[in-house]
Engineer: 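My questions will all concern the structure given below.
What you see below is based on every heavy atom in this structure, not just the backbone, and it leaves out hydrogens, waters and symmetry mates. Read the numbers this way: they start at 1 and go in the same order the structure lists the ligands and their atoms. Numbers here simply count residues along the sequence, with the first being 1.
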Amino acid sequence: MVDYGIHYWANDDFIIEDGKVKVNFGNKPALIDIVKQMREEGYRGPLLIRFPHLMKKQVEKIFSHFENSIKEYHYKGKFKAVFPIKVNHFPNFILPLMEQTQNRCYGLEAGSKSELIIAMAYTNENAPITVNGFKDKEMISLGFIAAKMGHDITLTIEGLNELETIIEVAKAMGKPYPKIGLRIRLHSTGVGIWAKSGGINSKFGLTATELVEAIYLLQKNKLLEQFTMIHFHIGSQISDIAPLKKALREAGNIYAELRKMGAKNLNNVNIGGGLAVEYTQYEAYQNRNYTLGEFSGNVIFTLKEIAKNKKEPEPDIFIESGRYVSASHAVLISPVLELFSQEYDEKALHLKDKNPPLVEELLDLYNTINERSAIEYLHDSLEHMESLLTLFDLGYIDLQDRSNTEVLVHLIIKKVIKILKHKNHSDIIRIQEQVQERYLLNCSFFQSLPDYWGLKQNFPVIPLDRLNKRPTRSASLWDITCDSDGEIAFDKNYPLYLHDIDVNSEEYFLGFFLVGAYQEVLGMRHNLFTHPTEFSVVFDEEEGKYEIENLLEAQTILDVLDDLDFDTKEIERRLKQKLDESTEIPQDEKKEVLGQLYVMLSENGYLRTVFKSQGELN
Ligand SMILES: *Cc1c(COP(=O)(O)O)cnc(C)c1O
């Protein structure tokens, strides 16, 4: 896998050229050059890069596919979409998204009061707002205020008690009213790890009996004309299109039946989100079995058929895809700090005049290994190591012997890999599991890839350069948290190979792609690692050059502590007092130590290690 499966996951957003990952837009800068530019300006540790042009690309793709399908089937309804704020609620995402999609009927979806406030402040003019999730009276009143401000807002109710509150608020606040949507509870369900949003036992939505009751309530309270939308959402990352087709048939029939019951203004079917992102780097493990064209074609065709059969108008279609719109816009870049076996070089070997026989044998294997014997000797050496470790446990060899064992085995592994470098890759694959290298990354998986931790969701990972050289080390990745879950283990089903580098003299960066959906929102400050330093790369449309915008540095240690409600003034005071009282630090050095402390408090908590050879910071 020398191209790291880029054809499966990158959608031509990124390409490999001259051995580097490049942005396939504008004048096609290499990611490594963008990273180096930022590091020269002093930004260290992990970086999160946003690409606003990719936000626009995804929204345009959805609209153009649906518009094509509408044309193809001579469909009479219109297509509209909203972005569900919960997927990425950060201003450096939401504001550029709205700016980039002004030409479209593209609004925002809110699921809480705070999200609704964002939607009311930033939705483009004439673009829709939809509101889902559980609502109290205050949130419903907020929806009425939005309607009075002129927003095209639909409150989708999740249960009959919400409808009762709407009726109450309508009486109190008067017209104009927001539009009303009903979330329907389907008996069909989604598939995959996120498929908990649909089905008869789902958390959300009205049963058939409740729908009938809702129509009756709306009618009685003269609000039926406000009822314009039905909504369903079968779950995120829909991998298979079959359950969606089933859900569409069910929803289409509910739409038609509700109209027949008198809901004459019902003219929108909101199919929720769930469009899947292809995260895979391996042909055999693709995440979805449909294209966007197939998806839009199925939606339009199914609703058209039902409308025809039931002699009702073809409804407008709403979509609330979040993951599909936002995943590709953000890339996490992490410097590699260390390769764990790196310290095992010949200098670390301290052989005695007389070594245990198995250590002598390891030495012999190391000195005589060649291409023909490589695999056999490797296996022998691993076996010897097992025996030597047992001998240590039984007290027969000492710590120096044990250290020599470790060093020799690592030297043999490295030699084998070097010898086999130009041979058939399958020879290396055979030994990969036994000889993996651990790469220590200057980032936190809990903060930046929480779905890996929580759901074992894999994100495409690729080194930013050296892609014209074959990677030879089977790799497991470790973050800098003190948590053993902060590891992406080597998996022989999805093997990751990286380059054998000397971090004392070379820089090496890994990019994690498709991290723009849910990861920042769900990321947590385990070990108090904050969000990485982030910025947007914005291209000039005429010249294709890029500018860095919206730079937001990783939080300083003091800011992080302040967010936790520590009294940071008190912390500073205590540190100073303890320093003053210390008898270990000479009086004339105290000022300098205090200065060092203050500098640290004003930096972020990611590592700033020093290159041994160059004295550079990482
Ligand atoms: C979460 C959610 C979405 C977004 O789902 P994606 O899988 O990100 O497209 C859309 N609608 C509702 C109601 C949601 O809860």
Engineer: Backbone or side chain, does any N or O of Arg183 fall under 3.5 Å from an N or O of ligand 1?
Structural biologist: no
Engineer: If you measure every N/O of Tyr518 against every N/O of ligand 1, is any gap under 3.5 Å?
Structural biologist: yes
Engineer: Taking the six-membered ring for Trp and the single ring otherwise, decide whether the centroids of Tyr8 and Tyr282 are under 6.0 Å apart.
Structural biologist: no
Engineer: May I ask you to check if ligand 1 and His231 share an N or O to N or O distance below 3.5 Å?
Structural biologist: no
Engineer: Measure from the ring center of Phe529 to the ring center of Tyr606 and say whether it is less than 6.0 Å.
Structural biologist: yes
Engineer: Is it the side chain (CB and beyond), the backbone, both or neither of Ser236 that lies under 4.0 Å from ligand 1, heavy atoms counted?
Structural biologist: both
Engineer: In ligand 1, which numbered atoms sit nearer than 4.0 Å to a non-hydrogen atom of Gly273?
Structural biologist: 5 (O), 9 (O), 10 (C), 11 (N)
Engineer: Against heavy atoms of Pro84, which atoms of ligand 1 measure under 4.0 Å?
Structural biologist: 3 (C), 4 (C)
Engineer: Should Glu320 be counted as touching ligand 1, given the test is an N or O pair under 3.5 Å?
Structural biologist: yes
Engineer: Could you tell me whether Glu305 and Arg249 make a salt bridge, using a distance below 4.0 angstrom between a side-chain N and a carboxylate O?
Structural biologist: no
Engineer: What I want to find out is whether Arg50 reaches Glu520 closely enough, with some N-O distance under 4.0 Å, to be called a salt bridge.
Structural biologist: yes
Engineer: Which atoms of ligand 1 have any heavy atom of Asn132 under 4.0 Å away?
Structural biologist: 13 (C)
Engineer: Any N or O of Val87 that comes nearer than 3.5 Å to an N or O of ligand 1?
Structural biologist: no
Engineer: State whether the number of non-hydrogen atoms from other residues, nucleotides or ligands found under 6.0 Å of Phe90 atom CZ is greater than 12.
Structural biologist: yes
Engineer: Quick one: does Gly274 get an N or O within less than 3.5 Å of an N or O on ligand 1?
Structural biologist: yes
Engineer: Purely on distance, is any nitrogen or oxygen of Lys86 under 3.5 Å from one on ligand 1?
Structural biologist: yes
Engineer: Flag the pair Phe14 / Phe51 as yes when their ring centroid distance falls below 6.0 Å, and as no otherwise.
Structural biologist: yes
Engineer: Which ligand 1 atoms, with their elements, are less than 4.0 angstrom from a heavy-atom of Ser321?
Structural biologist: 9 (O)
Engineer: Please name the residue in the list Phe512, Tyr279, Trp453 that meets the ring-ring contact (aromatic ring centres under 6.0 Å, His included) test with Phe459.
Structural biologist: Tyr279
Engineer: Check Lys86 with Glu109, please: is the shortest side-chain N to carboxylate O separation under 4.0 Å?
Structural biologist: no
Engineer: Should we count NZ of Lys61 as having more than 12 external heavy atoms under 6.0 Å?
Structural biologist: yes
Engineer: Should the proximity of Arg323 to ligand 1, defined as any heavy atom under 4.0 Å, be assigned to the side chain, the backbone, both, or neither?
Structural biologist: both
